[in-house]
Structure formats: structure tokens, C-alpha cells
Amino acid sequence: MPLGALLVLLLLGGAGPASAHAALDSTDPEDGAVLQRAPGHVTLAFSESVGLRDDSFRVLDPGGHRVRTGDTGHADGRSETARVALPGGLGEGTYTVAWRVVSADSHPVSGAFTFSVGKPSSTVASVDTGPTEDPLTTNLHRIARYLSYLAAALLIGMAAFVALCRPPDAAPLRRPLVAGWWTLLGATVALLVLRAPYEAGTGPSGALDPDALGDTLTARPGVLLLIRLALLGPAALFLARVFRMPVAGRHPRSGPLAATAGGALAVALALTWAASEHASAGIQVPAAMTSSTLHLLATAVWLGGLTALLLTLRSAGEAATAARFSRVALASVTVLAVTGVYQSWRGLGSWQALTGTTYGRLLLAKVVLVAVLLAAAAVSRRWTAALATAAAAAHEPARERVPQPAGCPPAPEPPTAPADTGDAAPATAALRRDLRRSVLAEAAVAAVVLAVTTVLTGTQPGRAVDEAARTVPAGGVLPASVTTIPFEIGTAGRGTVQITLDPGRTGDNAVQAVVFGPDGSLAAVPELRLSFTLPDQHVGPIDAELVDRGGYWSANTLTLPLPGTWTMKTTVRVSEIDQVSEVRRIRVER
């Protein structure tokens with residue numbers, strides 16, 4: 001299990017902050033600030049560059065009515081900021097700001113905070129930060145992304161299989177390649193039209209808005225999808241040229257120039273994914289982009305090559321082809337291991353994130369699946385070696401030395417027996433059947449790994465979740481004691497509550513609780529309750545009396561009188577009738 005071993009050795013190597021989804025660093029006005037005069041602007045600063053929408057800001061007055069705001073833009077031209085102009089003459093009371101932007105890695109993030117003019121209101125407007133995602137739009141978007149990954153793997157992997165493994169008959173690969181090309185075309189178009197409703201968190205009908213589509217075509221994610229569509233034209237011409245075989249049974253025409261052109265097209269296609277996902281934001285972007293591109297290409301060569309091998313196993317000379325692919329697959333696994341470990345470290349950053357975040361749990365599932373995949377690959381390599389040995393033995397010509405009369409010219413050599421192209425030899429047929437089954441199992445597991453990878457690329461990395469907890473609310477203190485508690489949200493999936501207890505010692509403490517949805521973005525819940533009990537001393541329960549601050553919950557003063565191991569009970573009401581409770585034990589020092 002090379003990937004798992006390397007993950008254990010290198011996962012925590014290095015240090016330094018990074019994020020993939022944008023984390024909110026600060027707000028102006030600060031969250032909870034009480035101002036003597038109304039501000040002219042609201043400004044947000046993020047950990048990375050963000051894209052803005054026409055509805056990136058919603059400002060509600062103390063009565064819950066929407067305030068008419070000015071244009072939205074970047075402050076002083078800095079791409080990591082977002083600013084909206086406020087009208088003059090804002091009255092006294094507490095205002096709520098809900099925001100929604102698009103991270104540099106193309107994923108939308110949202111949140112809310114409050115500020116007061118003059119003095120705080122007796123009540124604060126209840127605000128939903130907007131739907132973090134529409135289930136139908138999100139599922140359609142994920143399906144399109146998975147199909148695009150799968151189609152790219154088929155196109156790149158099968159073309160590499162033909163060039164590197166030189167199957168005697170590549171004709172069976174033509175139809176899957178055509179299907180892969182059309183699938184990638186359709187999936188890319190679907191991603192393009194779904195981009196606007198995906199960013200807005202609305203239903204698929206939003207794809208019909210021409211203005212929204214126009215905005216998509218000029219934004220970075222849309223431009224990258226357009227580039228991908230443009231690359232499909234040269235890719236089709238390249239495949240048509242390579243697979244043009246004037247003579248039946250002749251190997252597809254290839255050469256150094258064709259190989260260079262094909263490699264350049266494959267790298268360019270892979271870059272359209274790397275430039276639009278986690279690798280495009282955070283630390284070490286050039287290295288991350290290179291790693292992501294190599295990771296996708298190695299995946300394609302392995303998965304697409306497996307499919308191609310399955311389709312060509314029945315043709316003559318499959319033993320030599322399978323042996324060549326075995327070497328190519330081993331090189332792909334090496335690249336996958338190295339790049340996968342680097343990306344895991346970059347996305348996680350801590351052991352706690354491995355089990356305490358959705359990203360970490362998905363990564364664990366992927367590591368287990370890759371271990372199964374490597375086991376299947378080892379079996380395939382064993383059958384490949386056995387088949388090559390059997391084929392070599394079956395094709396060894398039997399020559400019998402015939403005595404010749406003295407002085408006579410030597411008799412011509414007996415003709416070499418033709419290669420066995422069928423299943424005449426029972427042993428060879430059995431080995432071929434076992435290899436086919438092993439490769440089929442390997443391809444099936446690889447498809448599941450690709451599905452998990454698709455979900456993983458759309459999930460907020462552990463580093464970003466950690467940063468969000470440290471920076472929400474903006475202007476708050478850094479956490480002294482942080483506890484992450486997962487909870488079920490019915491069929492919607494699993495959310496988490498990140499609870500910060502500062503300073504985490506006896507006496508007065510400040511409590512901050514941030515709720516994250518299944519996708520790792522901030523989530524609004526109707527109610528959040530927190531209580532503390534010290535069973536050994538029969539103290540409690542002590543209610544933290546959390547207050548909804550619009551995007552997070554907090555209590556300025558919670559008094560824990562004694563040191564010891566306290567039981568912390570968290571109750572999350574996820575709807576008007578449903579709630580879940582989880583219990584954790586925390587240590588409070590003197």
C-alpha cells in the first residue's frame with residue numbers, strides 16, 4: 001500500500017497556512033461593532049482572491065427589510081476583498097450583512113455578520129445567508145463533473161495505451177474513444193450552463209437566464225470551460241489522424257510529432273481542471289498546479305489504459321500488450337502516490353482534520369479504495385506474467401534435426417508454427433480469462449475511486465475549515481480550545497459544529513460555535529444549545545446561553561468554576577421538528 005505508507009510518513013510534513021475555499025479574514029465594520037456614525041461601505045477581506053456576483057451582498061435593517069445598496073466591487077482593486085456601498089442616512093440599530101462570493105477554486109462560500117449604528121437593537125433581524133446549495137443543481141453539477149473526469153480518462157488513457165502499449169489491433173478502441181469525446185463535450189456544456197445557478201445556490205432553471213450565462217462566460221471558471229471546449233476540436237482531429245488505418249490490421253500511425261502533439265493536448269486539458277479547483281488557491285500554487293496536472297494524467301493513463309486493455313485482451317499478441325501496460329501502470333501508480341501525498345498534506349494540515357472533517361473522511365475512504373485497487377493491480381500483474389510465460393512457451397517453434405545425405409545441400413528449415421490467436425491451448429485460455437476478470441475488477445474499483453475524487457475536489461479542505469474556525473467571527477480571539485462535533489442532518493448528510501472555548505480554563509470563558517453544512521460551508525440552523533456538566537463534582541448542567549450572531553453563535557461569558565473533565569452537550573435543531581444532540585468530554589485546566 002504505497003499511498004497509505006507515504007501518507008502516514010508525509011501527511012504532516014511542513015507548516016504554514018493554506019486554504020482552498022476562501023476564508024473570511026476580517027470585516028469592516030467589525031462583527032458586532034457599535035459605531036457612532038453610519039459607515040459608507042462594508043468591506044470583507046478573504047484569505048484568497050474571490051469572485052463577486054451582483055447579489056454578493058444583502059444588507060438588512062433592524063426591522064428585517066433589505067437596504068438598497070450600491071455597486072459591488074473589490075476594495076482598492078485587491079482581488080481578495082469585496083466591498084459594497086451603503087446609502088447615507090442609515091438609522092440607529094443593528095444591521096445584518098449576508099454575503100456570498102466565489103472562491104478562487106470556483107466554489108461558492110457565504111456567511112453573515114452584524115454591526116450597529118448608535119446602539120444595538122433590542123432584536124436582530126433573522127437572516128438566512130442564502131442557500132449554500134440547491135440539491136438538484138448540486139447533484140447535476142457533480143454528475144457532470146464526474147462524467148467529465150471519466151471521459152477525460154478514457155480519451156487520454158486510451159490514446160496513451162495505443163502509443164505506449166502498441167496493441168496489435170486498436171480497432172476495438174475507436175467506438176469508446178468517440179463516446180468519450182462526446183461525453184466530455186456534453187459534460188463540459190452542462191457545467192457551463194449550470195455554473196450560474198451553482199454559484200447562486202438556486203435551482204437549475206437559473207441556467208436559462210441569459211445575463212447570468214453571460215457573466216459566467218467572462219468569469220474565470222467559465223473561461224476555463226470554454227478553453228476545454230476549444231481543445232476538444234484539435235483532440236478530435238488528432239484522434240482521427242492517429243486511428244486512420246488504411247491497411248486492415250495495421251497499427252495506428254504515430255511518430256514523435258504525433259506523440260508530442262498528443263502529449264501537449266493531454267496536458268492542456270488537464271490544466272483546465274487544475275486551474276479551476278483546489279490547486280489554484282492557497283500556498284505553493286505552481287507546485288500544486290503541477291502536482292494536480294500530473295495526478296490527473298496518471299489517473300487517466302491508468303483508468304483509461306485498464307479499459308483499453310479489457311477491450312483488446314481478445315486480440316492476438318495480448319500477452320505482450322498486457323506486459324507493456326503493466327509497466328506503464330506501475331509508473332502511473334508511482335506518480336499517483338507522490339502527487340497524492342502532497343495534495344493530501346496541502347489539503348489537510350493536521351491529524352484531527354483526517355477524522356474531524358468531511359474532506360478528511362473522504363480522503364480516508366479514497367486511501368482504502370486505492371489500497372484495494374493496488375491489491376487488484378498486483379493480482380493483474382501476476383496473471384500478466386503467467387500469460388506472457390505461457391504465450392512464449394506456446395509460440396516457441398519445435399525444430400527437429402533431420403539427417404542429410406553427405407554432399408547434399410541442406411534441407412530448408414521447417415516453417416515456424418503460427419502464433420496461437422485463439423483459445424486452443426486450455427492453459428493459455430484459462431490465464432487469459434483470469435487476467436480479464438482481474439482487470440475488470442481493477443477497472444470497477446478505479447471508477448469508484450474516481451467518483452470519490454470528484455466529490456473530494458468539491459469539498460472544503462481541512463485546512464480551509466480550520467482557518468474558517470479561526471477567523472469567524474472576524475475580529476474575534478484566536479481559539480484556545482477547539483472541539484469539532486459531527487452531527488447528522490437526516491438525508492442531507494453530515495454537518496459539523498466547531499466550538500471554541502477561550503481560554504478553556506476555570507473562571508470566565510468566551511464561547512463561539514460555528515456550524516458547517518455537509519459541503520463544509522457555513523450553515524444556518526434554527527437553534528443551537530450548549531451545556532456543561534462536571535459529573536465527578538455534581539456540578540451543572542451550566543447553560544452557555546448561546547446567541548445567534550448571524551452566521552455563528554456565541555456567548556461572551558460562561559463561568560466554569562472547577563478544573564476537570566467536563567461533559568459538553570451540544571444540541572442542534574436542524575428544522576422546526578428535528579434536532580440532534582451530541583456529547584463530548586473536554587478538559588478544563590485551572
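By convention here, the first residue in the shown sequence is residue 1.
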Spatial distance of atom [atom1] ([X]) from atom [atom2] ([Y]) [nearest 0.5 Å]:
| X | Y | atom1 | atom2 | value |
| --- | --- | --- | --- | --- |
| Thr218 | Leu213 | OG1 | CG | 9.5 Å |
| Leu297 | Leu336 | CG | CG | 10.0 Å |
| Leu231 | Leu269 | CG | CG | 5.0 Å |
| Leu271 | Leu296 | CG | CG | 9.5 Å |
| Leu192 | Thr188 | CG | OG1 | 8.5 Å |
| Phe161 | Leu306 | CZ | CG | 9.5 Å |

Sidechain-backbone polar pair: [X] side chain, [Y] backbone, donor-acceptor under 3.5 Å:
| X | Y | answer |
| --- | --- | --- |
| Ser148 | Arg145 | yes |
| Thr339 | Val335 | yes |
| Trp181 | Leu232 | yes |
| Ser56 | Arg100 | yes |
| Ser292 | Met289 | no |

Test log, rule side-chain contact (heavy atoms from CB on, under 4.5 Å), inputs Leu154 and Leu177: CA-CA 7 Å; Leu154 287 176; Leu177 275 167; 5.8 Å; no
Short side-chain donor-acceptor distance under 3.5 Å, Arg195 and Thr216: no
Answer yes or no: is there a side-chain heavy-atom contact under 4.5 Å between [X] and [Y]?
| X | Y | value |
| --- | --- | --- |
| Leu136 | Leu140 | yes |
| Phe57 | Leu44 | yes |
| Thr307 | Leu173 | no |
| Leu225 | Thr272 | no |
| Leu191 | His141 | yes |

Set of residues satisfying salt bridge (Lys or Arg N to Asp or Glu O under 4.0 Å) with respect to Arg66, sequence neighbours excluded: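 Arg66 satisfies salt bridge (Lys or Arg N to Asp or Glu O under 4.0 Å) with no other residue.
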Listed by chain and number, what are the salt bridge (Lys or Arg N to Asp or Glu O under 4.0 Å) partners of Arg529, not counting sequence neighbours? Glu527
Compare every heavy atom of [Y] with every heavy atom of [X], then report the nearest pair and how far apart it is.
| X | Y | result |
| --- | --- | --- |
| Val301 | Ser332 | CG1-OG, 3.4 Å |
| Tyr342 | Ala287 | OH-CB, 3.7 Å |
| Ala82 | Val101 | CB-CG1, 4.5 Å |
| Thr293 | Ala274 | OG1-CB, 3.6 Å |
| Gly304 | Met158 | O-CG, 3.7 Å |

Among Val178, Leu239, Thr183, find the residue that satisfies the side chain to side chain contact (heavy atoms under 4.5 Å, CB included) test when tested with Leu155. Leu239
After noting the C-alpha distance and the side-chain angles of Glu80 and Val50, does the key distance pass the side-chain contact (heavy atoms from CB on, under 4.5 Å) rule? CA-CA 6 Å; Glu80 72 278 8; Val50 293; over 6 Å; no
How are the rings of Phe46 and Trp99 set to each other: parallel, tilted or perpendicular (split at 30° and 60°)?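 Judged by the thresholds at 30° and 60°, the geometry between Phe46 and Trp99 is perpendicular.
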